[in-house]
Amino acid sequence: MALLTFEDLAALDAGDAQVAQFKEDYRRQGYCWLPSFVSSDVVQQLQCEAARLFEASADNSFRSTEDHTITLDSPSAHTDTATTQQSSKCLIAQDRLPTESQLLRLFRSPGLIRLLSLIIDRPVYCSDDPLGGVYYNVFEEGDALGWHFDRSPFFVNLLVSLPSEGGGGQFEFFADGRPQQEDADSDDVLPPVYEAGVARVARGEDVSKVVRPPLAEGGIIIFQGRRYMHRVTPVVGAGERRINAILTYADAPGFVLNTYTRQTFFGR
Ligand SMILES: O=C(O)CCC(=O)C(=O)O
Ligand SMILES: [Fe+2]
């Protein structure tokens with residue numbers, strides 16, 4: 001596929017073959033990949049910005065370390081301990097970004113919002129959360145995201161800086177998507193047969209359908225995180241770092257995080 005920059009993509013129309021391909025990828029394989037979404041200059045600016053914020057003050061980021069189930073609940077006495085997952089990472093909240101940040105500009109750009117709406121086939125709006133609208137994730141040695149299903153239907157993830165070869169920090173997902181639920185309220189319940197399958201993957205017993213999309217710095221992955229179980233493998237090696245930015249969009253204006261989520265991931 002020819003590499004399309006942000007400017008090329010922002011100009012695409014609903015009837016464009018490229019948009020149809022992204023839509024089809026997203027629907028059929030659970031994700032679509034926009035390589036080189038931002039130019040290498042912008043990638044470098046974002047790398048510098050994130051590193052500067054991260055290193056300038058411990059107050060600029062918050063480290064969360066959690067044990068959780070694959071549906072992101074707290075493990076209880078009834079949880080199969082072999083499927084309990086560990087996640088740890090540091091987040092740099094949106095309110096720590098300088099007003100002139102390219103990441104803020106990208107997050108709010110009408111071109112990206114329009115493109116997303118076309119790909120996922122419904123209107124999307126920027127999250128209004130002052131901390132969790134758009135934020136950097138920093139994974140250092142030993143950090144990872146355990147296997148999980150997201151609470152929100154999709155995520156938009158810009159890869160800013162990847163560890164070197166062999167340094168881990170790989171995004172992986174289980175190719176069997178969870179069956180679509182008729183009843184939106186039952187969304188957190190996994191059908192028993194399906195649950196047995198994902199438990200084998202979460203226990204590391206079955207990797208036959210684990211997919212590792214080839215991601216690269218500067219690209220964006222739009223992923224159906226509530227339908228497909230996914231993880232980020234541990235970062236391996238002193239000094240290795242993985243930095244990505246999550247851009248949060250909602251199906252209605254005015255979305256904000258609840259107090260619990262803000263406390264857990266941003267510490268305030
Ligand atoms: O950073 C990634 O590749 C995955 C992020 C993710 O799973 C999440 O934010 O829920
Ligand atoms: Fe996720």
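Each ligand, and each atom within it, is numbered from 1 in the order the structure gives. No hydrogens, no waters, no symmetry mates; every other heavy atom, side chains included, goes into these values.
There is no side-chain donor-acceptor pair under 3.5 Å between D67 and T84. For the residue pair S152 / D150, no side-chain donor-acceptor distance below 3.5 Å is found, with atom types taken as modelled.
Comment: D16 does not engage R114 in a salt bridge, judged by the lack of any side-chain N to carboxylate O separation of less than 4.0 angstrom. Comment: E140 engages R63 in a salt bridge, judged by a side-chain N to carboxylate O separation of less than 4.0 angstrom.
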Contact table ligand 1 N or O to protein N or O, d under 3.5 Å:
residue, atom, partner, partner atom, Å
ligand 1, 1 (O), N157, ND2, 3.1
ligand 1, 1 (O), R242, NH1, 2.9
ligand 1, 1 (O), N244, ND2, 3.3
ligand 1, 3 (O), N157, ND2, 3.1
ligand 1, 3 (O), R242, NH2, 2.8
ligand 1, 7 (O), H148, NE2, 3.3
ligand 1, 7 (O), H230, NE2, 3.0
ligand 1, 10 (O), H148, NE2, 3.4
ligand 1, 10 (O), D150, OD1, 2.9

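In this structure, F154 has its ring center no closer than 6.0 Å to that of Y249.
With the Fe ion (ligand 2) as the vertex, NE2 of H230 and OD1 of D150 span 100° to the nearest 10°.
L247 and V42 fall within the same hydrophobic cluster, where Ile, Leu, Val, Met, Phe, Trp and Tyr residues are linked whenever their side-chain heavy atoms come under 4.5 Å apart, directly or through other members.
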